[in-house]
Structure formats: structure tokens, C-alpha cells
Amino acid sequence: MKAKMIINSSFIIDKIDPRLYGTFVEHLGRCVYEGIYEPSHKTADKYGFRNDVKGLVRELNTTFIRYPGGNFVSGYNWEDGIGPRENRPKKLDLAWKTLETNEVGVHEFVTWANEVNAEVNMAVNLGTRGIEEARNIVEYCNHKSGTYWSDLRRKNGAEEPFKIKTWCLGNEMDGPWQMGAKTAEEYGRISAEAAKLMKWTDETIELVACGSSAKSMPTFASWEATILEHTYDHVDYLSLHSYYNNRNNDIKSYLAQSISMDEFIKSVIAICDYIKAKKHSKKTVNLSFDEWNVWYHSNEQDNKIREEDPWSIAPPMLEDIYNFEDALLVGSLLITLLKNCDRVKIACLAQLVNVIAPIMTEKGGDAWRQTTFYPFMHVANLGHGTVLRPVVECPVYNCEEFSSVPFIDTIAVLNENNNELIIFAVNRSIDEAIEFDIDAQGLVLADNAAFTELCGHDLKAVNTKNNAVVVPKEKTSVKIENNVLKAELAPLSWNVIRVGVK
Ligand code: AHR
């Protein structure tokens, strides 16, 4: 099979916002406790954080981390997580039926995030709490000094403000499973007022309003339109959440799920721009895809844990073990985010450690990389600069859920600082390699390119702590002829090609 991509250095989608490579740490299962934090672990630092996990997070190069939830945040009192640890209360977390010890709170998390070179994205509780607590936490985190909350932060050990720039106005407030779930009118009002007070407290912050918790929600689209009617002038982003699965074990449809992500993004852009037009506004509200991933492997197991062992501390929950086909889809979803980087400025892979995560840990033992670690690591490390608008000529296929699915999903990023062109591509074909030509107009390509791939594995192959089966390999089958880059993409593969440019 043959395919071609034409790019031109003058035809661009947009610059990539570094927050596109975000992840998510929720007080859920073993994400915080036994994940990033385990004071008795042999690699623990002076704060109790695991150095082996920090090493993997740095390797992943996530730029931005959403915290502390998720469903958890809708019942969270942020004040429970500050001050001396011995005084912090233990509380029931009704979202996940667990016990929260509050050993880790905002100070600890900010310290940890600084160490892994990531910006914190803080969510406020608009479920069981309201605008007063929302403005107080902004004052606590970001006000320099001389007020009750800022001086309390200083007393608790942080002389300098945390300077948290991006804040989420609650989480999935349309979901009946959410503590303090709201109608669109109710959420529209409370989030607009919270946004006003938070920005009055610190005018430099940016705010994300909750979109629907999934595109499949019956109120999808009308929820977005209603809440934006209230919040449009006060917020900067609208959130999208989506999780994908291969429950039907249909690889052709599964690998085409990125089309569904793309359609979801386009629908939400349309709603934002409808309200912009309706309000005669000059301002554009962009998108924060702040929960996305594959999530289904652990569903049955989780139902049992919640029934049989409620109110335990950090039980293993949402521990999806990812396989090779999941890594291919995650690669394709990352490509979709890049294709939409003119409007999707923020995205968070949900989550980071143990809970539907690229990194797994064992209590008192090792930490390792799941299959999905690699595409994220490649894109987060290399995908910086400008996304070029591609024209792709490629054969297509039909499947149960979609028609005319291109066999190749691909995008090109021009990193102007490193003088490098990076191509990310998934070959969705089950049995055919693709001869892929990239005609790079307006750029002079260097003579050599580097080519890394994930391929040749059983679709259900997984990585375990002692056996890293799905790992990237370097490949030599890439040539440059007359400024056209020619590569062979193996069937069912994730591919990263890097070439210098002048
Ligand atoms: O990421 C897991 C959960 O999924 C989050 O807590 C919630 O926001 C979503 O439903």
C-alpha cells in the first residue's frame, strides 16, 4: 500500500501550547498513596515521594498535571490537606468509597510537581462547596502575603506564592454520580460567580468550565450552550472528557476511535463559537480536553472492590493493564489533539500513576512503564513547536463503527528551536506495510532521519514489572530522495520520524 503526505512550512495549524501534554493525579486508588507518595519506600525523598516514580514522570515529560480530582474534588475540603500532618483529619471519600488520610495536600503536591518539572492545574470543589472556598484557595495559593490565607500559607512553610495559573471550576458537574451534581442553569450560575471572584483575587489566572462529562450524556451540547451563556465572559476554556474501549474486540473500529475524538472536538468548538456569535463577543473560548484515555480493562474488578472492601485506604482501583493495541490508539489520540491544537490548548491523559495510567508501581517494589507510556513520551518530548497542516493521500477502509477510515493517521510538527521536523504516524492496517512519502515543501531536509517504532507485537501483549515486551525499536528503513522523506510503516505500528531541516 502507498500513502503520501504533503506539508508546507507556510501552512500551519498553530503553535502547540505546552499544556497539551498534561496528565492527571487524583486522590483515587493508588495514584497518590503507593503511587507518587510512599514514605516507607526505599527510594522515598525527604517528603515521602518515590524517586523512582519521579524519574519515570520526568522521562514521560508531562508538562502539566491536573489535581486533586476528578470525582474526588467534588467532596474535598482543601483546608484538610494543609498544616501539620498529625492534625489532618481522615475523611470518607464518597466518590470512590475510600478513606482519605490527607497526608498529601496542596503544599506536598506543588513541591512534587516542581520536582518533575510540571505545572499544577488545580481544581476547586463546586459540588459540596461554593464560591467562598474557591476564592479562598486562590488567595492561599497565589496571593503574596499580608492576608489571612496568604499568611497561613507562609506559616505552613511556603514563603513564596505557588503561582498556579490554570484552575478547573469543579469536575463533571452534569453527572448524577458527582457529589453536588447540578443542572446546567445551577452550574452556569455558580461557576460564573466563582470565576468572577477567583479572577478578582488573581487576575492572571485562567479558568476551565466543565463541559459535559461525556459526549454520550443526554444533555450534551445543550449543557455546553447553557453554561457558556452564563460563563462566557469569565472563563477561558471549556472541558471535554472521553474514555475509549475495545469491549467488542474489534481492532478496526477500535483504532478508528480517534475519529470520534475529532468529531467531539469539532462539535464543542462549534458550540463555543455559537455562543461567541450570539453574544457578539470578540473573545474565543478554547478547549481543555482534561480527561482522555483508554479505560475499561479494570471495570469489573473495581465494582467488586467497592462492594467488598469499602472505606479502605488507597485500594487498587482503575488499574487498567494496557496492551499493544491500546498504545496504538493512544498514539492516534495524541495525533488528533495535535491536529486540533489551534483550539485544544490543554489536554490531560487521565491519569498518571496506577489509576488508568502509563506508570505502574508495586508497594515497596518496582515502578514500570505500561505500553501507553511510549507514544505519550515520544509526543511530549518531541512534539514542540508548530503543527503543520497536512494534506494526506491514503487508502481508506470501512468498519463496524466508521466509514472511510484512512489507514494512516499522521501529523507533522516543526520544531523551529531545534531545526527539526517530526512526523508521528499510526498505520492502522492489520496486515499491510505502507510505503509513506512525505513531501516537505518550503523546508530543506537533512540527509539522515531517525526512525523509532512500536510494532510487531501481539495486540494483547502487555508490559509487566519484570517483562517489558512492548518497547520502541530504532529502525533504518527511511530514506530522503529529492527532499522527499520515504519510510516504510509496518502493519499495526506507531512511528516517530525525526529529520533535521534548514
Ligand atoms: O479519571 C477517573 C474519573 O473519571 C474521574 O474522577 C472523573 O472525573 C471521571 O469520571
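Atoms within each ligand, like the ligands themselves, are counted from 1 in listed order. Position 1 is the first residue of the sequence, and the numbers go up from there.
The residues lining ligand 1, counting any heavy atom closer than 4.0 Å, are Phe24, Glu26, Gly70, Asn71, Trp96, Asn171, Glu172, Tyr243, Glu291, Trp295, Leu318, Gln351, Ile356.
Relative ring orientation between Tyr187 and Trp223 is described as parallel, the plane-to-plane angle staying below 30° on a 0-90° scale split at 30° and 60°.
Crowding of Lys90 atom NZ: a count of heavy atoms from other residues, nucleotides or ligands under 6.0 Å not exceeding 12. The environment of Tyr47 atom OH is sparse: at most 12 non-hydrogen atoms of other residues, nucleotides or ligands sit within 6.0 angstrom.
Thr98 and Ser312 make their closest contact through CB-O, 3.3 Å (heavy atoms, listed as atom of the first residue, atom of the second, distance).
Between Tyr254 and the options Asn248, Asn245, Asn249, Asp326, a side-chain hydrogen bond (donor to acceptor under 3.5 Å, both in side chains) holds for only Asp326. Residue Phe49 is tested with Tyr37, Phe109, Tyr33 for a ring pair (Phe, Tyr, Trp, His ring centres under 6.0 Å); the sole match is Tyr37.
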